[in-house]
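See structure below.
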There are 2 protein chains.
Amino acid sequence: MTSPGLRELKKARTRRTIREHALRLFAERGYAATTVDQIAEAAEVSPSTFFRYFPTKDHVVLDEDADPVLVAAARALPEGVPVARGLREAILAVLDGHTPPAGDMLAMTRLAFGEPDLRARTLEHALATEAALAGILAERLGRDPGDMRLHVFAGAVLAAWVTAMRTWSAEDGVRPLAEYLDANLAYLEAGLPL
Amino acid sequence: MTSPGLRELKKARTRRTIREHALRLFAERGYAATTVDQIAEAAEVSPSTFFRYFPTKDHVVLDEDADPVLVAAARALPEGVPVARGLREAILAVLDGHTPPAGDMLAMTRLAFGEPDLRARTLEHALATEAALAGILAERLGRDPGDMRLHVFAGAVLAAWVTAMRTWSAEDGVRPLAEYLDANLAYLEAGLPL
DNA sequence: TCTCAAATGAGAGTAACTGTCAGAATCTCG
DNA sequence: CGAGATTCTGACAGTTACTCTCATTTGAGA
């Protein structure tokens, strides 16, 4: 076990500080109206350092490559059940244990889908999640990872996810996110009848 | 009837010229390595003019808001059939009459999904198409445009579309795009069993 | 031909990055 | 604990996408 080490600690703290100030400033004056220099100044680091921690301005808001909730759910997929059903259960289970403060999440979601620059990054994020999901499913089902069906299916799951998030944030979170998500996953499970 | 008019003609020509030179340069030296100034110089216009015709560099490659093929197909949706089936027929019909040179399309597709900047724009494009599709479906079916099912369904159609394009371009177009698309839409029609 | 509106080009300015380099902070090992 | 190796940081210069403004040119219509 390597002890944390002062260097690691400081790095983690700096990263957190930058993100906090950035999100605060975005909330106060808007994403586009906030410059990296301002964030750096507020966080008391140089602009160079900002870019050492985050490759681009939008990565402050969205950093992970694939959504951890969906990936965890896919890994926890029960066997012997139709995938859509299993995924629905797994996602809701993971989401249940994994609840960040609803207020923050609402603000982030609004940013992620509202600001044009961030929307683009959000969608890249969704694409990465789709790929991860398809990969895990390929492994679980013993199929060729290039099988288009896996990708179409994973894309549909992402559509359910994105639609739930957007609707939830559009309605200011009056009802819990899980409800919207469950409705969409149930619809997917039913085979998307129209 | 407004006659074409010299002004309109020149505008159309300038737009086409800029795009042609841009795509040529992108193919020659890559998207990121080509600057707007170089495109402007090649097209014999000032950089200012470039931005009057295209709001951003990536709009040279992807300009429309929603994919015209999918939108046209949705509008041509036959009645009385399940939507997935009708859409499958309509899309293939539209695609049949609407075949741009496969080589160009392949190059554009590779750019659109390969270059990170463009991938982001491509996905925005997909999102706009999803919204348009959901809107048309709402009208056709007499449903609330906010109905999440419409958006999940439209998202799944987009997933079928995107997956087909990516696979097609990854395989260098050895088989026609319509084949991949048909396979994915058939899978969607079957209710995405896994 | 003359006048008005639209298109263009030139130039200055902003902001997101990128790369380099010297100095400071941390770690490691004797 | 102290010296040397390693890593982090800030300063700075440079590139590029994009914005705004203003003077000039070009096409449209009387």
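Labels below follow one simple rule: chain letters A, B, ... track the order of the sequence lines, proteins then strands, and each chain is numbered from 1.
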Distance, rounded to the nearest Å, where [X] contributes [atom1] and [N] contributes [atom2]:
| X | N | atom1 | atom2 | result |
| --- | --- | --- | --- | --- |
| Phe50(B) | dA7(C) | CZ | C1' | 17 Å |
| Lys11(A) | dT6(D) | NZ | P | 16 Å |
| Arg121(B) | dC18(D) | CZ | P | 8 Å |
| Glu41(B) | dA17(D) | CD | C1' | 17 Å |
| Arg13(B) | dG27(D) | CZ | P | 10 Å |
| Ile18(A) | dC8(D) | CD1 | P | 13 Å |
| Phe26(B) | dA17(D) | CZ | C1' | 12 Å |
| Leu9(A) | dA25(C) | CG | C1' | 15 Å |

Response to the item:
Its contact letters, B for base, S for sugar-phosphate only and - for none at protein heavy atoms under 4.0 Å, make nucleotides 16-24 of chain C read SBB------
Please tell me if [X] has a side-chain N or O lying less than 4.0 Å from either OP1 or OP2 of [N].
| X | N | value |
| --- | --- | --- |
| Tyr53(B) | dA7(C) | no |
| Thr49(A) | dG10(D) | yes |
| Lys10(B) | dT26(D) | no |

Worksheet item: Side chains of Ile39(B) and Phe26(B): does their closest heavy-atom pair fall under 4.5 Å?
Response: yes
Worksheet item: Do Asp58(A) and Tyr31(A) have side-chain heavy atoms sitting under 4.5 Å apart?
Response: yes
Discussion item. Please tell me whether His125(A) and Thr122(A) have a donor and an acceptor in their side chains that are separated by less than 3.5 angstrom.
Written reply: no
Near [X] [atom1], under 6.0 Å, is it more than 12 heavy atoms from other residues, nucleotides or ligands?
| X | atom1 | result |
| --- | --- | --- |
| Arg143(A) | CZ | yes |
| Asp63(B) | CG | yes |
| Glu64(B) | CD | yes |
| Glu139(A) | CD | no |

Discussion item. With salt bridge (Lys or Arg N to Asp or Glu O under 4.0 Å) as the criterion, how do Asp144(B) and Arg149(B) come out once you've worked through the C-alpha distance, each side chain's angles and the decisive distance to 0.1 Å?
Written reply: CA-CA 10 Å; Asp144(B) 175 6; Arg149(B) 285 172 297 177; over 6 Å; no
Worksheet item: Less than 4.0 Å between a side-chain N and a carboxylate O, is that true for Glu20(B) and Arg24(B)?
Response: no
Worksheet item: Using the C1' atoms of five pairs at each end, what's the angle between the two axes of the helix from dT1(C)-dA30(D) to dG30(C)-dC1(D), to 10 degrees?
Response: 20°
